[in-house]
Amino acid sequence: MTIDFYYNRFSGASRAVYMTIRQLTLDVNFKPIDLAAGEQLKPEFLAINPLHIVPTINDHGFALWESRAIMQYLCNRYAPDSTLYPTDPKQRALVDRSLNFDLTFLNQIEDVVSPPLFTGTQPSPDKVTALNNSLKNLDQVLIKQNKYLVGDQLTLADLSLLGYWVYLERFHIDLSAYPNYKRWVAGLQAELPYFNEVNDISQAEWDREMARYKTAT
Ligand SMILES: N[C@@H](CCC(=O)N[C@@H](CS)C(=O)NCC(=O)O)C(=O)O
């Protein structure tokens, strides 16, 4: 029996866990959940995760959700020596710092993309400023000239942040002022053999899914 992995490819948190699974070459049952069709509300999924969110894993009866907790658990449980989640306390703290940064960053993305998507209105200027400030911090403070977010190796920090890149692209966030961020993405695209498998979602496919999602909510 292998781990069940419940995910949706239009979900950034799901993409982050998906990439972690592929990076660690874990044997999992991939179980796509169609959120727009409400599959997360079916009794069989609610029995595993009453909060009905993806990503979720079920590791032989141990159910876990929240993408960062899943990524940390998979490393701790199945690859404790992996450089993906460094064991050195300071390096690990820097990874954890980045994972916490992502939470704020994701909320800021949502604040900007949700009004046009769901109500056809423009986001308030202070929300746009907040997102741009985070992008600027990412670009000029956290990434700078580095290849990775923490140290000189790929870590969970990179995979978690990368999960949200598709949102920026498909919701047309202007990234022209953030060359270091764009270079960091391009470097990971060239390096990670599973990059396109996870992140290659065409604009047409994205728009179709958002329309389905809007109708469902
Ligand atoms: N903080 C969570 C976010 C998970 C989340 O919000 N998932 C959304 C899709 S992106 C979901 O499953 N929504 C379905 C629902 O709430 O019914 C994580 O990082 O895993």
Side-chain angles (χ1 to χ4, degrees), residues 3-24 26 28-59 62-77 84-85 95-119 123 127 130-131 134 138 149 155-171 173 198-201 205-217:
I3 303 167
D4 290 331
F5 169 49
Y6 300 88
Y7 71 102
N8 178 288
R9 54 193 297 267
F10 300 93
S11 143
S14 293
R15 289 190 292 274
V17 174
Y18 195 123
M19 290 189 281
T20 303
I21 287 167
R22 296 282 276 111
Q23 183 68 28
L24 295 176
L26 296 176
V28 307
N29 293 322
F30 288 94
K31 291 183 168 279
I33 295 286
D34 187 342
L35 296 176
E39 279 183 1
Q40 75 278 25
L41 301 174
K42 287 189 172 169
E44 53 269 35
F45 187 65
L46 289 175
I48 298 162
N49 181 353
L51 271 63
H52 52 81
I53 52 171
V54 290
T56 292
I57 59 165
N58 186 1
D59 184 2
F62 175 62
L64 186 65
W65 53 90
E66 287 297 339
S67 56
R68 294 156 192 82
I70 297 172
M71 295 162 86
Q72 290 162 324
Y73 169 77
L74 291 175
C75 286
N76 289 336
R77 173 77 179 80
L84 211 50
Y85 196 34
V95 172
D96 291 339
R97 182 182 72 179
S98 188
L99 297 179
N100 282 284
F101 171 90
D102 288 352
L103 273 173
T104 307
F105 184 56
L106 174 63
N107 287 337
Q108 291 167 337
I109 296 174
E110 283 177 353
D111 284 344
V112 168
V113 304
S114 295
L117 180 64
F118 292 112
T119 57
K127 303 291 186 199
L131 177 59
S134 278
L138 258 179
L149 276 165
T155 65
L156 293 184
D158 298 294
L159 298 183
S160 180
L161 181 67
L162 185 59
Y164 303 115
W165 167 71
V166 170
Y167 291 145
L168 300 175
E169 285 288 313
R170 293 290 158 257
F171 284 120
I173 304 292
V198 180
N199 298 297
D200 190 7
I201 303 175
E205 199 184 354
W206 183 265
D207 292 343
R208 237 184 349 261
E209 188 64 14
M210 291 308 112
R212 286 183 71 227
Y213 195 64
K214 244 168 83 174
T215 314
T217 50

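Just so you know, ligand 1 is whichever comes first in the structure, and atom 1 is the first atom listed for that ligand.
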Amino acids contacting ligand 1, non-hydrogen cut-off under 4.0 Å: Ser11, Ala13, Leu35, Gln40, His52, Ile53, Val54, Pro55, Glu66, Ser67, Arg68
Sub-4.5 Å side-chain heavy-atom contact between Cys75 and Leu24: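 Yes - at least one pair of side-chain heavy atoms lies under 4.5 Å apart.
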Check: Leu138 and Leu161 side chains under 4.5 Å, non-hydrogen atoms: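 They are in contact (side-chain heavy atoms under 4.5 Å apart), so the answer is yes.
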Parallel, tilted or perpendicular, as decided by the 30° and 60° cut-offs, for the rings of Tyr7 and Phe30: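 Phe30 and Tyr7: perpendicular rings.
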Whether Tyr73 and Phe62 hold their rings parallel, tilted or perpendicular, with breakpoints at 30° and 60°: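 Tilted: the ring planes of Tyr73 and Phe62 meet at 30° to 60°.
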Ile57 CD1 to Leu64 CG distance, which is reported to the nearest 0.5 Å: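 Those atoms lie 5.0 Å apart.
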Test log, rule side chain to side chain contact (heavy atoms under 4.5 Å, CB included), inputs Ile201 and Arg15: CA-CA 11 Å; Ile201 303 175; Arg15 289 190 292 274; 4.0 Å; yes
